[in-house]
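Take a look at the structure below.
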Amino acid sequence: MVKRILVTGGAGFLGARLCEKLVEQGHDVICLDNLFTSQKLNINHLLPCENFEFIRHDITLPIWLEVDEIYNLACPAAPGHYQYNPIKTLKTSVLGAINTLGLAKRCRAKILQASTSEVYGDPKEHPQKESYWGNVNPIGPRACYDEGKRAAETLFTEYQRNHHVDVRIARIFNTYGPTMHPFDGRVVSNFIRQALAGEPLTLFGKGTQTRSFCYRDDLIEGLVRLMDHPEECSSPVNLGNDQETTVAQLADLILEVTDSSSKVRHEPLPADDPICRRPDISKAKQLLLWEPTTPLREGILQTIDWFKTIDQNQYHPPTPNYW
Ligand code: NAD
Ligand code: UDP
């Protein structure tokens with residue numbers, strides 16, 4: 001059945017790929033974005049499609065649409081992006097959740113929230129299961145993102161409890177791949193750009209902190225499966241790759257596959273940077289019959305191939321007059 005689907009943050013790294021997939025499936029897709037951390041470049045190829053429509057709008061303001069499903073992805077995701085204007089980041093998570101949930105309630109639409117592993121903060125439980133409540137500093141530099149996403153999960157849960165809105169909450173772990181913003185300051189994009197340019201790789205701290213990197217297309221498949229699950233499943237589901245790697249190992253891998261002569265330059269570890277992060281994905285495996293299939297080396301090679309093709313001048317940092 002053809003559905004009318006709203007994707008907020010639809011011009012972003014994950015949103016644009018999701019829109020592409022939904023358009024391919026024949027759905028009527030509305031991409032809503034204020035282009036804060038993205039550019040039309042990501043969706044230009046979709047604009048001629050009859051079943052794709054772009055609306056430039058800020059999700060902190062209400063919007064009236066008629067839709068069957070909503071994927072709520074609007075929110076800056078990279079630390080450098082979400083710390084650019086922390087108050088706006090919080091507003092985007094909280095007011096964005098209120099506005100999209102209100103829309104879902106009125107339209108009786110199903111709605112999925114792009115939550116994050118950051119709700120676990122600097123975790124004391126490892127790997128992280130959905131039952132873990134997290135260890136978040138509410139006044140630290142990451143709080144605008146972490147607490148905003150936690151409050152959004154509360155709102156989604158209360159709209160389900162009080163108004164019976166059909167909600168889905170995906171806790172997404174670090175995701176990378178082609179079309180990620182080359183200047184988002186995230187570790188994968190930084191290391192690839194630096195290695196290709198022969199510049200030093202900026203390794204924060206000792207590089208012993210871990211992350212578990214999921215390839216973009218694996219993640220998108222998980223999001224769609226969660227949305228399409230036929231039964232009520234309102235409690236959060238971890239989506240990510242459970243192969244854990246240290247940041248230093250990632251640097252070695254990128255240096256090896258790019259055959260780069262770049263050196264590694266150590267820089268201070270940012271405040272509240274989580275020491276470890278790995279999802280327990282048993283719930284997604286059992287509920288969605290989903291697990292990532294792209295090994296890190298293969299995904300990194302595909303990402304490097306894409307970085308080699310782009311004109312980096314076409315990507316800009318967040319808009320200065322954002323508030
Ligand atoms: P992204 O920055 O590329 O995409 C976010 C999109 O939201 C951008 O296009 C941006 O312009 C838009 N946006 C921001 N504020 C907005 C506002 N007020 N109104 C309308 N649009 C707005 O990031 P991404 O990596 O594609 O992340 C997408 C979602 O997934 C985010 O909600 C993020 O928190 C979540 N997530 C991503 C990751 C990851 O590793 N990529 C991990 C966990 C969670
Ligand atoms: N990191 C790094 N060098 C960089 C960028 C990031 O060593 O140039 C580290 C960062 O300190 C963190 C990890 O890589 O430990 C992942 O950082 P990223 O910003 O990609 O995502 P997040 O911290 O949100 O998981």
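All residue numbers in this chain count up from 1 along the given sequence. Indexing begins at 1, ligand by ligand and atom by atom, following the structure's order. Here the structure is a predicted model, which means the values were calculated and not measured.
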Say whether [X], considering both its backbone and side-chain N or O atoms, lies within less than 3.5 Å of an N or O atom on ligand 2.
X      : result
Val187 : yes
Asn174 : yes
Val188 : no
Asn190 : yes
Gln209 : yes

Numbered atoms and elements of ligand 1 in range of [X], under 4.0 angstrom, heavy atoms:
X      : result
Phe36  : 11 (O)
Ser115 : 43 (C), 44 (C)
His57  : 19 (N), 20 (C)
Leu14  : 26 (O), 30 (O), 37 (C), 41 (N)
Pro76  : 14 (C), 15 (N)
Ala74  : 7 (O), 20 (C), 21 (N), 22 (C)
Leu35  : 11 (O)
Asn174 : 40 (O)

Polar contact flag for [X] and ligand 1 (N/O pairs, less than 3.5 Å):
X      : value
Leu32  : no
Ala11  : no
Asn34  : yes
Asn72  : no
Thr60  : no
Tyr145 : yes
Ile59  : yes

>> Looking at Asp184 and Ala78, would you say the former's side chain and the latter's main chain have a donor-acceptor pair under 3.5 Å?
In response: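 Pair absent, no side-chain N/O of Asp184 close to backbone of Ala78.
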Give the residue and atom name of whichever protein heavy atom lies nearest to [atom], and the separation in Å to one decimal.
atom                    : result
atom 1 (N) of ligand 2  : Phe204 CD1, 3.4 Å
atom 13 (C) of ligand 2 : Val247 CG2, 3.8 Å
atom 11 (O) of ligand 2 : Asp273 OD2, 2.6 Å
atom 4 (C) of ligand 2  : Thr202 O, 3.3 Å
atom 22 (P) of ligand 2 : Arg142 NH2, 3.5 Å

>> Checking contacts here: is it the side chain or the backbone of Tyr176 that comes within 4.0 Å of ligand 1, counting heavy atoms only? Could be both or neither.
In response: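 Neither part.
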> For ligand 2, is any non-hydrogen atom under 4.0 Å from Pro270's backbone (N, CA, C, O), its side chain (CB onward), both, or neither?
Replying inline: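 It is the side chain that touches ligand 2; the backbone stays farther off.
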> What do we get for Glu267 next to ligand 2 when only non-hydrogen atoms under 4.0 Å count, side chain, backbone, both or neither?
Replying inline: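 For Glu267, no heavy atom sits under 4.0 Å from ligand 2.
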Charged N to carboxylate O under 4.0 angstrom, [X] versus [Y]?
X      : Y      : answer
Glu147 : Arg150 : yes
Glu158 : Arg161 : yes
Glu256 : Arg297 : yes
Lys88  : Asp58  : yes
Asp166 : Arg168 : yes
Arg142 : Glu118 : yes
Asp280 : Lys285 : no
Arg17  : Asp217 : yes
Lys283 : Glu130 : no
Glu221 : Arg225 : yes
Asp68  : Arg4   : yes
Arg106 : Glu66  : yes

>> Please evaluate residues Lys110 and Asp228 with respect to the criterion salt bridge (charged side-chain N to carboxylate O under 4.0 Å, His left out), reporting the C-alpha separation (whole Å), side-chain torsions for both, the decisive distance (0.1 Å), and the verdict.
In response: CA-CA 9 Å; Lys110 213 194 288 185; Asp228 289 350; 5.1 Å; no
Atom indices of ligand 2, in the order listed, that fall short of 4.0 Å to a heavy atom of [X]:
X      : answer
Gly185 : 5 (C)
Arg186 : 19 (O), 20 (O)
Leu203 : 7 (O)

> Would Leu239 and Leu223 count as a side-chain contact (heavy atoms from CB on, under 4.5 Å) if you check the C-alpha gap in whole Å, the side-chain angles of each, and the deciding distance to 0.1 Å?
Replying inline: CA-CA 8 Å; Leu239 291 180; Leu223 284 185; 3.8 Å; yes
>> Against ligand 2, does Gln194 come closer than 4.0 Å with any heavy atom?
In response: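 Contact check Gln194 vs ligand 2: negative.
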> Are Pro79 and ligand 2 in contact, using a heavy-atom cut-off of under 4.0 Å?
Replying inline: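 Distance cut 4.0 Å: Pro79 passes for ligand 2.
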> Hey, looking at atom 2 (O) of ligand 1, which of Ile43, Val7, Thr37 has the closest heavy atom?
Replying inline: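 Going through Ile43, Val7, Thr37 one by one, Thr37 has the nearest heavy atom to atom 2 (O) of ligand 1.
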> Can you tell which of Met180, Lys88, Arg186 gets a heavy atom nearest to atom 41 (N) of ligand 1?
Replying inline: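 It is Arg186 that holds the nearest heavy atom.
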>> For a 4.5 angstrom cut-off between non-hydrogen side-chain atoms, does Tyr84 reach Thr37?
In response: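 Tyr84 does not reach Thr37 side chain to side chain.
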>> If the contact criterion is a heavy-atom separation under 4.0 Å, does Thr8 count as touching ligand 1?
In response: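 No; Thr8 lies far enough from ligand 1 that no heavy-atom distance drops under 4.0 Å.
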Between [X] and [Y], which heavy-atom pair has the shortest distance, and what is it?
X      : Y      : result
Pro178 : Tyr215 : CD-OH, 3.3 Å
Thr89  : Cys144 : CG2-O, 3.8 Å
Asp272 : Pro141 : OD2-CD, 3.5 Å

> Is the His81 ring parallel, tilted or perpendicular to the Phe36 ring (thresholds 30°, 60°)?
Replying inline: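 Tilted.
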